[in-house]
Undergrad: 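The structure is given below, and queries will be raised subsequently.
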Amino acid sequence: MAYGAAMSEAAVDLPDERDAIRRALIEWYEDDHREYPWRETDDPYAILVSEVMSQQTQLDRVVDAWDDFLERWPTVGDLAATDRSDVVAFWSAHSLGYNNRAKYLHEAATQVVEEYDGEFPESPDGLSELMGVGPYTANAVASFAFNNGDAVVDTNVKRVLYRAFSIPDEDAAFEDVANALMPDGESRVWNNAIMELGGVACEKTPRCDEVGCPWREWCDAYETGDFTAPDVPTQPSFEGSRRQMRGRVIGALKEHENLTLDELGPKVRVDYAPEGEYGREWLRNLLEDLADDGLVEIEERSDQPIARLR
DNA sequence: TTCCGGTAAG
DNA sequence: CTTACCGGAA
């Protein structure tokens, strides 16, 4: 065990303790946990949709969007057959942010249909081939759809392991320990349980006693009172950001379909002025980036370019 | 104003 | 390796 020295010895070095730790978490999860509709299905397509939405949005806000999405595109074939711009427009209308992810999801659906004969791969490695599916999502879908994943390592899991077993803040260490802890062949319940623990008990502000954390007797942080969490990179404010302006462009084009620069500009910035600092040149630049991302298309006209969703 | 976060791309 | 990407809630 490469990180044994840094870990409380109870966690992995002593098999009896490790089994008790495993049982305690699974019992705690099965006794009571939040209900989400995607926890009621093993359809990999439905689960992928929920995971992509959950990457960016608090779970409670995902439920309605997930229901609507699956009602509109019930199968991976339905999604692959639709226009990408419809998916981006849906994403924007449901305030899901990160329009790129709508594009990735549509692309992934196309891959499943064209390259996998409509059947999802069942292994993490296979799932990783799909656009927008990284290590976390691959293991999540493999686990929840097929009970066939490795341990998921998201920021919740990192925070739990860092606190409970003093795991160093290094990706390889988290991955090793997470996998050592997970019982063989139980990725579905285990990954649900450990993320639930991070989500409702081991939050930034911990609630160990309130929710009856099952790991209190083994937890380093509970013993020492030091609930420091791994650093998460802080990000620049959203207000006035380029991301906000991109979102406004998508929103305006969803509503109007075709717009010239000067029609679009005022819908993006109230201070838009064709020749100003935030004018045609600035907007053109923003649109070029969106076009490079495949979200928008620009049609050159003799007078002014026209933009539309792609 | 800060928090929240997995993936792709440079 | 770093950076861009979204919007709603606390």
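Numbers restart at 1 for each chain; the letters A, B, ... are given by sequence-line order, proteins then strands. Keep in mind that what you see is a predicted model, and the values were worked out from it rather than measured. Side chains are part of it too, since the values below use all heavy atoms of this structure and drop only hydrogens, waters and symmetry mates.
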Undergrad: Quick check on DNA chain B: between S54(A) and G132(A), whose nearest nucleotide comes earlier from the 5' end?
TA: S54(A)

Undergrad: dG6(B) P sits how many Å from L96(A) CG, rounded?
TA: 17 Å

Undergrad: For R243(A) and dA8(B), what is the distance between atoms CZ and P respectively, to the nearest whole Å?
TA: 19 Å

Undergrad: Within the structure shown, what part of the strands sits under 4.0 Å from R101(A) by heavy-atom distance: base, sugar-phosphate, or nothing?
TA: base

Undergrad: Starting from C1' on dC3(B), measure out to CZ on R159(A) and report it in whole angstrom.
TA: 12 Å

Undergrad: Whether the side chain of E223(A) engages the backbone of C219(A) through a donor-acceptor N/O pair (distance < 3.5 Å, no angle test) should be reported.
TA: no

Undergrad: To the side chain of Q58(A), which of dG6(B), dC4(B), dA8(B) is closest?
TA: dC4(B)

Undergrad: Near DNA chain B, counting only heavy atoms under 4.0 Å, which residues of residues 133-145 of chain A show up?
TA: V133(A), G134(A), P135(A), Y136(A), T137(A)

Undergrad: How many whole angstroms separate atom CG of L59(A) from atom P of dG6(B)?
TA: 12 Å

Undergrad: Identify whether any heavy atom of N99(A) sits under 4.0 Å from a base atom; if not, whether one sits that close to sugar-phosphate; answer base, sugar-phosphate or nothing.
TA: sugar-phosphate

Undergrad: So for atom CD, which belongs to E288(A), do other residues, nucleotides or ligands contribute more than 12 heavy atoms lying within a distance under 6.0 Å?
TA: yes

Undergrad: Calculate the interatomic distance between N156(A) atom CG and dG6(B) atom C1'; express it in whole Å.
TA: 12 Å

Undergrad: Under 4.0 Å from any heavy atom of chain A: name the first and the last nucleotide of DNA chain C that qualifies, 5' to 3'.
TA: dC5(C) to dG8(C)

Undergrad: Could you state the CD-C1' distance from Q55(A) to dA8(B), rounded to the nearest angstrom?
TA: 11 Å

Undergrad: Once side-chain hydrogen bond (donor to acceptor under 3.5 Å, both in side chains) is applied, what residue pairs with a partner in residues 250-260 of chain A remain, sequence neighbours excluded?
TA: N258(A)-R308(A), T260(A)-E263(A)

Undergrad: Name all residues meeting the side chain to side chain contact (heavy atoms under 4.5 Å, CB included) criterion together with Y116(A); count only those two or more places apart in sequence or in a different chain, and write none if there are none.
TA: P121(A), E129(A), L130(A)

Undergrad: Using the test side-chain hydrogen bond (donor to acceptor under 3.5 Å, both in side chains), find all partners of T75(A) that sit at least two apart in sequence or belong to another chain.
TA: D78(A)

Undergrad: Quick one: list whatever passes salt bridge (charged side-chain N to carboxylate O under 4.0 Å, His left out) with E275(A), sequence neighbours left out.
TA: R280(A)

Undergrad: Between dC3(B) and K204(A), is there an OP1 or OP2 to side-chain N/O distance shorter than 4.0 Å?
TA: no

Undergrad: Starting at CG of L130(A) and ending at C1' of dG6(B), how long is that distance when rounded to a whole Å?
TA: 15 Å

Undergrad: Quick one: list whatever passes salt bridge (charged side-chain N to carboxylate O under 4.0 Å, His left out) with D209(A), sequence neighbours left out.
TA: R216(A)

Undergrad: Check salt bridge (charged side-chain N to carboxylate O under 4.0 Å, His left out) between R72(A) and all other residues, then give those that pass, not counting sequence neighbours.
TA: none

Undergrad: Using salt bridge (charged side-chain N to carboxylate O under 4.0 Å, His left out) as the criterion, list what pairs up with R207(A), not counting sequence neighbours.
TA: E203(A)

Undergrad: Take atom CE of M131(A) and atom C1' of dA8(B), then tell me their distance rounded to the nearest Å.
TA: 8 Å

